[in-house]
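What follows is one structure encoded as structure tokens, with my remarks underneath.
Order of appearance sets the numbers: ligands from 1, and atoms from 1 within every ligand. What you see below is based on every heavy atom in this structure, not just the backbone, and it leaves out hydrogens, waters and symmetry mates.
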Amino acid sequence: MKIIKAKDYEDMSRKAANIISAQVILKPDCVLGLATGSTPIGAYKQLAAWYEKGDVDFAEVSTYNLDEYRGLSHDDPQSYHYFMRENFFDHINIDLNNTHVPDGSNPDAAAACSEYDKIVAAAGYPDLQLLGIGNNGHIGFNEPDDHFSKGTHCVDLTESTIQANSRLFDSIDDVPRQAYTMGTQTIMYARMILVVANGEAKAQAVYDMCYGPVTPACPASILQLHTNCVVVADEAALSLCE
Ligand code: PGA
């Protein structure tokens, strides 16, 4: 694991965007694994600004997102489909047909998940997978458990995740209780992994990811076994690591 310390959120976002942009410049038709949540928004904004300036071109890029809430339609403002358009896709020249998010609107969990596994495998898995990390060490919606997950599957969100994500909903009761998420094994197939983290609330999870035992109790800890994993985190998120 390579750990890159950023001064603050802006600096973290710019450093992460630089790494993603380098990937797109080196391989214009690359496959990007993308993440939602508050943390990557700054990197998406920076990439969109560089696209506007003509520095990076997404015309041939294809993307696969980690997860989606079960039961939300694609145009629901709380869905991750909507989030990706609002925060990234609508601001760059990506072909929307080349963007993929698990189909939360399909109530048949087994079908939605196996369909997603098929298309991610057919794409050859991401060249670069961007990840946030949950306060509880989750990656995607792979929550702490007694085993590491494999392919895309339906999960029950933990109370801590429901609580953390409720800030984006009118009330905690509106937070969906289930999601479809890419599995840990699939995440590990990416050729490069880029984790972004900021703020003191992530300090314990970041410490456990980088230096704790490799255990499904902290799903992100498996990234220690990846041969090309870069963590870009601000000083607050790295405060327990020095
Ligand atoms: P956040 O979420 O970026 O909104 O903190 C990260 C995550 O839960 O993976």
Side-chain angles (χ1 to χ4, degrees), residues 6 8-17 20 32-47 64-70 72 77-80 82-84 86-88 101-102 104 126 128-145 148-149 152-153 155-169 172 174-184 186-188 190 193-210 216-223 229-239:
D8 51 24
Y9 181 76
E10 287 299 313
D11 191 32
M12 177 207 76
S13 300
R14 219 169 30 245
K15 285 179 162 62
I20 297 166
L32 297 180
L34 297 180
T36 52
S38 311
T39 318
I41 290 177
Y44 292 148
K45 271 207 179 95
Q46 180 65 79
L47 287 167
Y64 293 82
N65 263 75
L66 286 166
D67 45 20
E68 177 60 286
Y69 289 116
R70 184 183 191 194
L72 298 192
Q78 302 291 359
S79 74
Y80 288 164
Y82 190 97
F83 174 103
M84 289 309 299
E86 192 180 34
N87 289 291
F88 196 32
V101 180
L128 184 154
Q129 174 69 57
L130 176 63
L131 294 177
I133 178 170
N135 296 345
N136 62 2
H138 75 200
I139 47 176
F141 273 131
N142 293 285
E143 301 282 27
D145 205 340
F148 288 111
S149 62
T152 307
H153 57 290
V155 288
D156 295 327
L157 304 185
T158 60
E159 272 313 310
S160 113
T161 298
I162 292 166
Q163 190 69 45
N165 290 8
S166 65
R167 71 190 194 280
L168 305 168
F169 289 79
I172 194 161
D174 294 339
V175 184
R177 270 29 188 187
Q178 288 187 313
Y180 300 148
T181 183
M182 219 184 249
T184 314
T186 311
I187 292 170
M188 291 292 280
I193 292 186
L194 171 60
V195 185
V196 285
N198 73 291
E200 219 181 309
K202 298 290 172 70
Q204 187 63 52
V206 168
Y207 176 83
D208 292 343
M209 165 175 69
C210 298
C218 174
S221 65
I222 201 167
L223 301 174
C229 177
V230 177
V231 178
V232 180
D234 73 352
E235 286 171 4
L238 287 173
S239 57

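Put simply, the side chain of Glu68 gets close to the backbone of Tyr80: a donor and an acceptor are under 3.5 Å apart. Remark: the backbone N or O of Ile172 is not paired with any side-chain donor or acceptor of Ser166 at under 3.5 angstrom.
Smallest separation of non-hydrogen atoms from Thr39 and Tyr9: O-OH, 2.9 Å. Of all heavy-atom pairs spanning Met12 and Ala197, the tightest one is SD-O, 3.3 Å.
Residue contacts with ligand 1: Thr39 is placed with a nitrogen or oxygen under 3.5 Å of a nitrogen or oxygen of the ligand (distance criterion only).
Of the heavy atoms in Ile133, only backbone atoms (N, CA, C, O) come closer than 4.0 Å to ligand 1.
In summary, the atoms of ligand 1 found under 4.0 Å from a heavy atom of Lys202, numbered by their order in the structure, are 1 (P), 5 (O), 6 (C). Those atoms of ligand 1 that come under 4.0 Å of a heavy atom in Gly37, given as number and element, are 3 (O), 4 (O).
Protein heavy atom at the shortest distance from atom 7 (C) of ligand 1 is His138 NE2, 3.4 Å.
With sequence neighbours left out, the salt bridge (charged side-chain N to carboxylate O under 4.0 Å, His left out) criterion links Arg14 to Asp11.
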